[in-house]
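A short write-up of the structure that comes next.
Sequence lines set the chain letters: A, B, ... in the order given, protein chains first and strands last, and positions in each chain run from 1. Because the structure is a prediction, the values reported are computed rather than measured.
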Amino acid sequence: MELPEKPSLDGLEEKWSARWESDGAYRFDRTKSRAEIYAIDTPPPTVSGSLHMGSVFGYAQTDTIARYRRMRGDEVFYPMGWDDNGLATERRVQNYYGVRCDPSLPYDPDFVPPEKPGKQAIPIGRQNFVELCDQLVVEDEQKFEELWRRLGLSVDWSLTYTTIGEQSRRASQRAFLRNFARGEAYQAEAPTLWDIDDRTAVAQAELEDRELAAAYHAVAFHGTDGQGDVVIETTRPELIPACVALVAHPDDERYQARFDQQVTTPLFGVSVPVLAHPLADPEKGSGIAMICTFGDTTDVVWWRELQLPTRNIMGRDGRLVAEPPEWGSAGSEAATRYAELAGKTSKQAQARIVELLAESGELVGEPKPITHPVKFYERGSRPLEIVTSRQWYFRNGGRDQELRDAFLTRGRELHWHPQHMRQRYESWVEGLNTDWLISRQRFFGVPFPVWYRLRPDGEVDYDALLLPSEDRLPVDPSSDLPDGFTADQRGAPGGFIGDPDVMDTWATSSLTPQIATGWGDDDDLFSRTFPMDLRPQGPEIIRTWLFDTIVRAHFEHGTLPWSDAKINGWVLDPDRKKMSKSKGNVVTPMPLLEQHGADAVRYWAASGRPGTDTAVDEGQMKVGRRLATKLLNASKFALGVTGDAATDGAVTGPLDRSMLATLAELIDDVTGAFEDYDYARALERTERFFWGFCDDYLELVKQRAYGSVGDAAGAGSARAALAVALSALQRLFAPFLCYVTEEIWSWWQVGSVHRTAWPQADESRTLADHAAQLDYLVAADVLGAVRKAKSEARRSMRAEVTRVCVTDTPERLGALARVEADVRGAGSIEHLDTEPGDTFAVEVELADEPAA
RNA sequence: GGGCGCUUAGCUCAGUUGGGAGAGCGCCGCCCUUACAAGGCGGAAGUCGGGGGUUCGAGCCCCUCAGCGCCCACCA
């Protein structure tokens, strides 16, 4: 055993992460059986720039569980993935290179992006765009891996996958084809929420509400057959040309006479019916609403349930379309009016139409300013519109109660940590109102493995799908050919055309359990790792990643994808505000790792319990670093005392046995906490024991272990107990402080602490030989009282004590009698008297201060 | 509108079968103690959100109110 002169935390991270890599310390052994394996479905971070402390928080917590499981003897399957496909990467490429994808442009093999992005985005073809995406994600993934390695994640880096990689594309397409064959995937032409900036449909799961300023405009519709005006209130008067009906509640007495009568729209004079529907709220505005195709999702419900016609005016670019909709008998005046609005954005059109309404006298009173929630794409900057388009969907229960119930049942089969997070899952599933829209009109994603026949007139026949066999996957229908066709038939009448869309990134990442475990590609691995054990993730993606993954596994395998889900809390900025890029309060991890060290950052992360929001707290990191330093020093000291012959002596000392009895209790406690996914409790308990161990036990046995007090048996006992406790403590801390524990372990043990068995409570318990924990407790209490007396007398801890008198219960005095020698030695106590009593009290007489 | 969580020392939090109110940080004081002075030891500090109930006994169980945070919701 060789102990360092002056142990230090410096350099441990470089030293040990390199060693772990070269030794393959965390390499997965795929010969193990399913029962022996613990498989973790690591969240693949979105590769679009930089990681922040929120990621570090959750991943560090998960790593403590992985390390615990490994030490418990499980073969841990712990891969990393990179979520590089999708809109996030596209946006990063657009900004990074100053380009935009125009799929109508041909491939330019000589294209080189500019050094710096220019003011005008350069339009490039789809293939060029995808190539830039492919390049940039590789760079980003390297940076991410560096950070994860520095943090000490014990993943097996040979198992890394990417969501745009070939295996992911194959799995996504295979699952899709099977979903389609079973009727779980379908396409439909329907109104969809549409982002006008990204020019793509978005799914319900990606929506968020934002409060926006708006105004109620009271607008007069005109009665026919001598009936007067009907005044409605709307926040979107610009949609009057898209109005198809008015609607009021069936019981609303004000409108009974109007139901099924016609009214004409202001400005355009279009005849629309007044209809009844229970969704109309008599309390809201004038109790009667204008239905437009489409202003919001309620319009879609009314449109569908009342079987109304479609009058579309909203273009996919967010501007009013050039051609006015079909208005029946409305005259050319209406068309002229509309012509003025065509090409305007929604905002511009509203401003103009309000002017026109004011001029025509059809605006009743002044607009009333309000704020109201408006649906946005969560990454978007302008409100979503609703446009009709052909899209692919997965059934997810949004339109099927029975299926929804099946997913609720799955949610109850899953073990949630913490349990209450299941509520979020349930309220999401219960609130679903559409199926899962998976197609995106984008470029960097998994293409749909689908071609369509073209009719002789060149029109697409969406019912005549051409699908590849599974052994051809992955395919790109824009460059690959359907079986039996030639390249010159692409786009030609009677030929075929590829589906131009890509799958949303969730349609791929919902398969991470399948992708990571080699579904369809590596049956042997799959059989040993699926269904997985743990899904660790953040709370904000329960409705997307967690739910979607359950949907896919339910359809494909008829099972849950994992048995347990651990949901971490939010990371808040140091002022306890939620961190977000838009607020600009994101804390980046690397500087903190460099300043405080990985163990300190891991310590901070592990102090946040599952599901508990935690602020970035450098103070906590400092505490973690101090703990690591303490471990270093205490280990050096204790090992210096025990020497190489550490375990030779029998544990006979009452104090030593009592300490080991307490240690056994700790090990049980900590193990139970880990089994319950409560790593934070495990850490807290271990830490508390350890500080007491340093303050009290080390002080109490110091002299005896040195051999300067007592006999050889006493010294041997102290040394043996020290060795046992130290070994256990180093292992208990190993899941958290992975670097410093590996370092101190290496001083006196063979092999990695992270591949060593988790401490057994029984081992300590046997050595303790039924000793009471009380002995250790009382010894520490008395020693503490003596220290306090010295501190209050402003004396050195080395000050001699002439006499101590302990008052205590007989039972505790009995315990004290067994450990008296150690207590006297540690406190420099000449005489120790005792007096039976009800409560613990200590009188201390200090020796006179020696003359200076 | 529905649901979940939180409310304990100045700050961040722990408190798992109901019986001693705790930790760290911060603050104050002391100590070069041969593992550790970018440290150690010790101290002060709380009507456990308010009210009511059950109990010999409630931070913990029940009811109720309030504040904060989050999730969900068909938000004209």
So, taking the atom named OG1 in A:Thr297 and the one named CD1 in A:Ile386, what distance separates them when rounded to the nearest 0.5 Å? 6.0 Å
Side-chain heavy atoms of A:Asn568 within contact of A:Gln537, under 4.5 Å: no
In whole angstrom, what separates A:Leu632's CG from B:A38's C1'? 14 Å
Base versus backbone protein contacts along nucleotides 1-6 of chain B [heavy-atom cut-off under 4.0 Å; B, S, -]: --SSS-
On the 0 to 90° scale, with breaks at 30° and 60°, tag the A:Trp748-A:Trp745 ring pair as parallel, tilted or perpendicular. perpendicular
Side chains of A:Met53 and A:Trp604: does their closest heavy-atom pair fall under 4.5 Å? yes
Taking only N and O in the side chain of A:Arg626, is any of them less than 4.0 Å away from OP1 or OP2 of B:C25? yes
Does A:Glu430 or A:Val623 map to a spot on RNA chain B nearer the 5' end, using the closest nucleotide for each? A:Val623
With a 4.0 Å cutoff (strictly under), does any side-chain N or O of A:Lys622 reach OP1 or OP2 of B:A38? no
Tell me the interatomic distance from A:Glu687, atom CD, to B:G22, atom P, rounded to whole angstroms. 19 Å
Check the interface with nucleotides 74-76 of chain B: list each N/O to N/O pair with the protein under 3.5 Å, or write none.
from	atom 1	to	atom 2	distance (Å)
B:C74	OP1	A:Asn433	ND2	2.9
B:C74	O2'	A:Thr298	OG1	2.8
B:C75	N3	A:Asp209	OD2	3.3
B:C75	N4	A:Asp209	OD1	3.1
B:C75	N4	A:Asp209	OD2	3.1
B:C75	N4	A:Lys375	NZ	2.3
B:A76	OP1	A:Asp296	OD2	3.0
B:A76	OP2	A:His372	ND1	2.9
B:A76	O3'	A:Glu233	O	2.8
B:A76	O3'	A:Thr234	N	3.3
B:A76	O3'	A:Thr235	N	2.9
B:A76	O2'	A:Glu233	O	2.8
B:A76	N6	A:Asp281	N	2.6
B:A76	N6	A:Asp281	O	2.9
B:A76	N1	A:Asp281	N	3.1

Answer yes or no: does atom CD of A:Gln401 have more than 12 heavy-atom neighbours from other residues, nucleotides or ligands under 6.0 Å? yes
Distance check needed: B:C71 P versus A:Trp428 CH2, whole Å only. 12 Å
Ion pair present between A:Asp678 and A:Arg685, side-chain N to carboxylate O less than 4.0 angstrom? no
A:Ser346 and A:Arg236 side chains, donor-acceptor separation under 3.5 Å: yes
Is A:Asp10 paired with A:Arg625 through a side-chain N to carboxylate O contact shorter than 4.0 Å? yes
A:Tyr255 side chain reached by A:Val230 side chain, heavy atoms, under 4.5 Å: yes
Under the side chain to side chain contact (heavy atoms under 4.5 Å, CB included) test, residues paired with A:Lys630 that sit two or more places apart: A:Phe690, A:Trp691, A:Cys694
Every protein N/O within reach of nucleotides 8-13 of chain B N/O, cut-off under 3.5 Å:
from	atom 1	to	atom 2	distance (Å)
B:U12	O3'	A:Arg576	NH1	3.2
B:C13	OP1	A:Arg576	NH1	3.0
B:C13	OP1	A:Arg576	NH2	2.6

If only side-chain N and O atoms of A:Arg688 are considered, is one of them under 4.0 Å from the OP1 or OP2 phosphate oxygen of B:A23? no
At under 4.0 Å between heavy atoms, how does the protein contact nucleotides 26-36 of chain B? Give one character per nucleotide, 5' to 3', with B, S or -. ---BSS-B-BB
For A:Lys622, is there an ion pair with A:Glu618 - N to carboxylate O distance below 4.0 angstrom? no
Less than 4.0 Å between a side-chain N and a carboxylate O, is that true for A:Glu233 and A:Lys368? yes
Applying side chain to side chain contact (heavy atoms under 4.5 Å, CB included), run through A:Asp808 and A:Asp781 and close with a yes or a no. CA-CA 11 Å; A:Asp808 212 336; A:Asp781 283 347; over 6 Å; no
Is A:Asp822 salt-bridged to A:Arg704, cutoff N-O under 4.0 Å? yes
For the pair made of CD in A:Glu378 and C1' in B:C72, what is the distance, rounded to whole Å? 15 Å
Ring-face cation contact, A:Phe637 with A:Lys702, 6.0 Å cut, 45° max: yes
Could you check whether A:Arg210 gets within reach of a base, just the sugar-phosphate, or nothing at all, counting any heavy atom under 4.0 Å? nothing
Rounded to whole angstrom units, what separation is found between the CZ atom of A:Arg422 and the P atom of B:C72? 17 Å
Send over the distance from A:Arg787 CZ to B:G40 C1', rounded to a whole Å. 10 Å
Nearest-angstrom distance from the residue atom CG of A:Leu627 to P of B:A23: 17 Å
Do you know the tightest heavy-atom contact between A:Gln204 and A:Leu432? OE1-CD2, 3.8 Å
Give the C-alpha distance, both sets of side-chain angles, the deciding distance and a yes or no for side chain to side chain contact (heavy atoms under 4.5 Å, CB included) between A:Val801 and A:Lys790. CA-CA 9 Å; A:Val801 178; A:Lys790 290 179 178 176; 3.5 Å; yes
For a quick check of understanding: with a heavy-atom distance under 4.0 Å over all strands, which category does A:Trp691 fall into, base, sugar-phosphate or nothing? sugar-phosphate
Under a 3.5 Å cutoff on both atom distances, Watson-Crick or G-U, what's the dot-bracket for RNA chain B ([ ] crossing, | other strand)? ((((((((.[[[[.)...(..]]]].(((((.......))))).....[[[[[..)....]]]]])))))))....
